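Residue numbering restarts at 1 for every chain, and letters A, B, ... go by the order of the sequence lines. Quick caveat: nothing in here was measured; it's all calculated off a predicted structure.
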Amino acid sequence: MLSIQYIRENTERVKRDVALRNTTAPIDRILRLDEERRELLQQVEQLRNKRNAASKVIGQSKDPAEREPRILEMRLVGDEIDRLDGRLKTVETELNGKLLEVPNILDPNAPKGPDEHSNVVVDVVGEKRHFGFHPRPHWELAEILDGIDFERGVKMAGSRFYVLKGGIARLQRALIQFYLNEHTRDGFTECYLPDMLSEASLVAAGQLPKFRDNLYRDAEQDYYFIPTAEVAFVNLYRDEILPAGMLPQRFVAHTPCFRREKMSAGRDVRGIKRGHQFEKVEMFVYCEPEQSQAELDTLVRRARSLPEKLGIPYRVLELCTGDIGFNATKTYDIEMWAPGQDEWLEVSSASNCLDFQARRANIRFRGEGGTRYPHLLNASGLALPRSVIAVMENYQREDGSVEVPEVLRPYMGMDVIEPARR
RNA sequence: GGAGAGGUGGCAGAGUGGUUUAAUGCAGCCGUCUUGAAAACGGCCGUGGCGAAAGUCACCGGGAGUUCGAAUCUCCCCCUCUCCGCCA
C-alpha cells in the first residue's frame, strides 16, 4: 500500500496514476478519514495522558480522602476515552480498508494507454521458423503424440483441466528442471513453498481484498491456494526487520498456481494455454530501493535468456499504464511465439513493486538512514504449460513428432518425442 | 484428534494489580584508560502513531473484558513444545 503520508503529500500524483490505470480509488474519502483520525487521536491521547498521571498519584497515595475523588473523576475520563476511542477505531478500520484498495503509483516513464492494446513492443528476437508444411497447433500434435488427455481431465475435474502424458509430461518436467537450474546456477536460492496461505498473507501480497474473485480457498479453514509463488515470497519475511547487509535476496521456486477465472466461452477454449491450475517457475527479489531498477532489468534479461536458449522467437513488451498490475509500478512481459496457434504467448511478467508490498507485509531492513522498506520484484522464469506449447509448436516436424531442443536433451534423455503407436 | 506445558526486547531471562518510562545478563555501538588489544569503567542500545517542537500515546502471541490503573486477573482465538493416537 501507499503510506497515508505519501497520499497526503502527493495527492495529485496519486489521483493521476489511479486515472491512468483506468480504475478508481477512494482518495478523497481517505484524506477526510485521515484528518478525522488525527483529530481524534490527539483528543484521546490527551485524555490518556491525564488518566495515566492521575492513576500514578492514586497508586502512590494511601489516603482514601485523596484517592476517592480522583477515582471518581477518572471514571468519567475513562468513559470519555472509551467513547472517543470507539470512534477512532471505526475511523481507522475504514481508513485502513480503503488504503488497501489504492493501487501502486506508476513509473512516470510507463507508456500511457487504457488497456493492453497500448502496450509497447520494445524488442523482437529470433527468426520465426519457416515450415515446409502447415504447422499444427499443440492440441493436434498432442493427439498424434498421445501427449495430452483433455477428455479425461474434464471427466476428473471439469472443463479446462487436462492430463499430460508420456513425452509431453516429461517435457514439462524437463523445462522446470532447466529453468530452475539456470537460476540457481546464477545464485538464486531455490525454495519449496506452501501452496496454500492464510488470508493475512494474501492481503499482504496485494491479492486481497480487491481480487477475491480470482482465488480458490478452503471452505472451512483459513487456506487460500496461491495464484502465483509471488504471494508466498512476499510473505517469507512478513513482519520482520531484516538485519543490515542481508540484501539483496534472490529466490526462485517452482509451484503450481491456482486461478479462478471467468473463462469466456469462445476464448482460449482449446489446448492448455489457459487453465485453473498450472505450473510456473518464479523469480523473486528483495533489494534496497536504490537497486530496484537495476534488479528489474536483470530479471527481464534472465527471463528472455530462456526462450533464447530454447531457440524460440520471443518479444518483449513494456506494459502501458492501463495494463500494469495493482501492485506494480512498471512491468515487462515476455511472449514466446507459437506458430501453430499463430499467436504470441505470455510466458513471463516482470514487475517492480517498489515498497508497495513491503509496506503491506510490514517488511523492513536496517540500512543506511535507519529502518527502511525494501523494494520487492517478481518475474516468471517461466510459465510452464505455455513453454510446453511453444516448444511443441516450434519444434514440430511434418509427421507430428517434436524435436527436443538441444538444451533440454540432457533432461529428456531423448532427442525426439515420437508419435504414439496406434 | 486427546492430554499437558508454554508464548516478555537481537538472544537469554525476571516480573502474578500501582515508584516498571519491562529488572538483570549476553551480544552490539560510542567513549575513558592503553603503544595497540584485552580487561575494567561510563554512556548508548526495540517498533510505530501524533506533534513545528517540547513532548506524548501505543505495543509483553492476537482479540475482547474487569479496573481509576493490566505484562500481571477473566474469556475467546492463534502458534510453539512434550507425550499419545493417526498418517505419507
Per-nucleotide protein contact string for nucleotides 51-68 of chain B, where B marks a base within reach and S marks sugar-phosphate only (heavy atoms under 4.0 Å, - for neither): S----SBS---------B
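Following rounding to the nearest Å, Asp85(A) (CG) and G69(B) (P) show an atom-to-atom distance of 13 Å. U47(B) atom C1' lies 10 Å from atom OH of Tyr373(A), rounded to whole Å. For the pair Ile4(A) CD1 and G48(B) P, the interatomic distance rounds to 18 Å; values are reported in whole Å. Counting to the nearest Å, the C1' atom of U47(B) and the CZ atom of Phe365(A) are 16 Å from each other. With rounding to whole Å, Asn96(A) atom CG is found 12 Å from G49(B) atom P. Rounded to an integer number of Å, the gap from CE of Met1(A) to P of G48(B) is 14 Å. We find that CD of Gln221(A) is positioned 13 Å from C1' of G1(B), with the value rounded to whole Å.
Separating the C1' atom of C78(B) from that of C29(B) is a span of 37 Å, rounded to the nearest Å. Rounded to the nearest Å, the gap between the P atom of A53(B) and that of G65(B) is 33 Å. Distance noted for atom P between A52(B) and C79(B): 43 Å (whole Å). The separation of U20(B) from G15(B), taken at their P atoms, amounts to 15 Å, rounded to a whole angstrom. Nucleotides G61(B) and A70(B) place their P atoms 16 Å apart, quoted to the nearest Å. On the P atoms, G13(B) is 15 Å away from C26(B), given to the nearest whole Å. Taking atom P on both nucleotides, U21(B) is separated from C60(B) by 14 Å, rounded to a whole Å. When the P atom is used for both G46(B) and U24(B), the distance is 14 Å, rounded to whole Å.
Under the Watson-Crick or G-U wobble criterion, with both distances below 3.5 Å, U74(B) is paired with A64(B). Using Watson-Crick or G-U wobble geometry with both donor-acceptor distances under 3.5 Å, U34(B) finds no partner in any strand shown. Remark: G10(B) base-pairs with C26(B). Criterion, Watson-Crick or G-U wobble with two distances under 3.5 Å. The base-pairing partner of G4(B), taking Watson-Crick or G-U wobble contacts with both distances under 3.5 Å, is C81(B). Pairing partner, U16(B): none, since no Watson-Crick or wobble contact has both distances short of 3.5 Å. Base-pair partner of G48(B): C57(B) (Watson-Crick or G-U wobble, both distances under 3.5 Å).
Between the side chain of Arg409(A) and the backbone N or O of Val404(A), at least one donor-acceptor pair lies under 3.5 Å. Side chain of Arg360(A) to backbone of Leu100(A): a donor-acceptor contact under 3.5 angstrom is found.
Aromatic ring pairs are classed by plane angle as parallel below 30°, tilted from 30° to 60° and perpendicular above 60°; the pair His183(A) and Phe188(A) is tilted.
Shown are Glu343(A), Gln341(A), His138(A); of these, the side chain to side chain donor-acceptor pair (under 3.5 Å) with Lys273(A) is made only by Glu343(A).
Rounding to the nearest 0.5 angstrom, the gap separating the CG atom in Asn362(A) from the CG atom in Asp239(A) is 5.0 Å. Considering NZ of Lys280(A) and CD of Glu230(A), their distance stands at 7.5 Å, rounded to 0.5 Å.
Of the side-chain N and O atoms in Arg37(A), one or more sit less than 4.0 angstrom from OP1 or OP2 of C50(B). Proximity of Arg364(A) to the phosphate of G46(B): no side-chain N or O atom is located under 4.0 Å from OP1 or OP2.
Here the two rings, on Phe326(A) and Phe356(A), have centers that are under 6.0 Å apart. Checked against the 6.0 Å centroid threshold, Phe251(A) and Phe233(A) count as a close aromatic pair.
Using a 4.0 Å heavy-atom distance criterion, Gln5(A) is classed as a sugar-phosphate-only contact.
Comparing G49(B), U21(B), U47(B) by their nearest atom to the side chain of Lys56(A) picks out U21(B).
Side-chain contact between Tyr332(A) and Arg304(A) is absent, with no heavy-atom pair separated by less than 4.5 Å.
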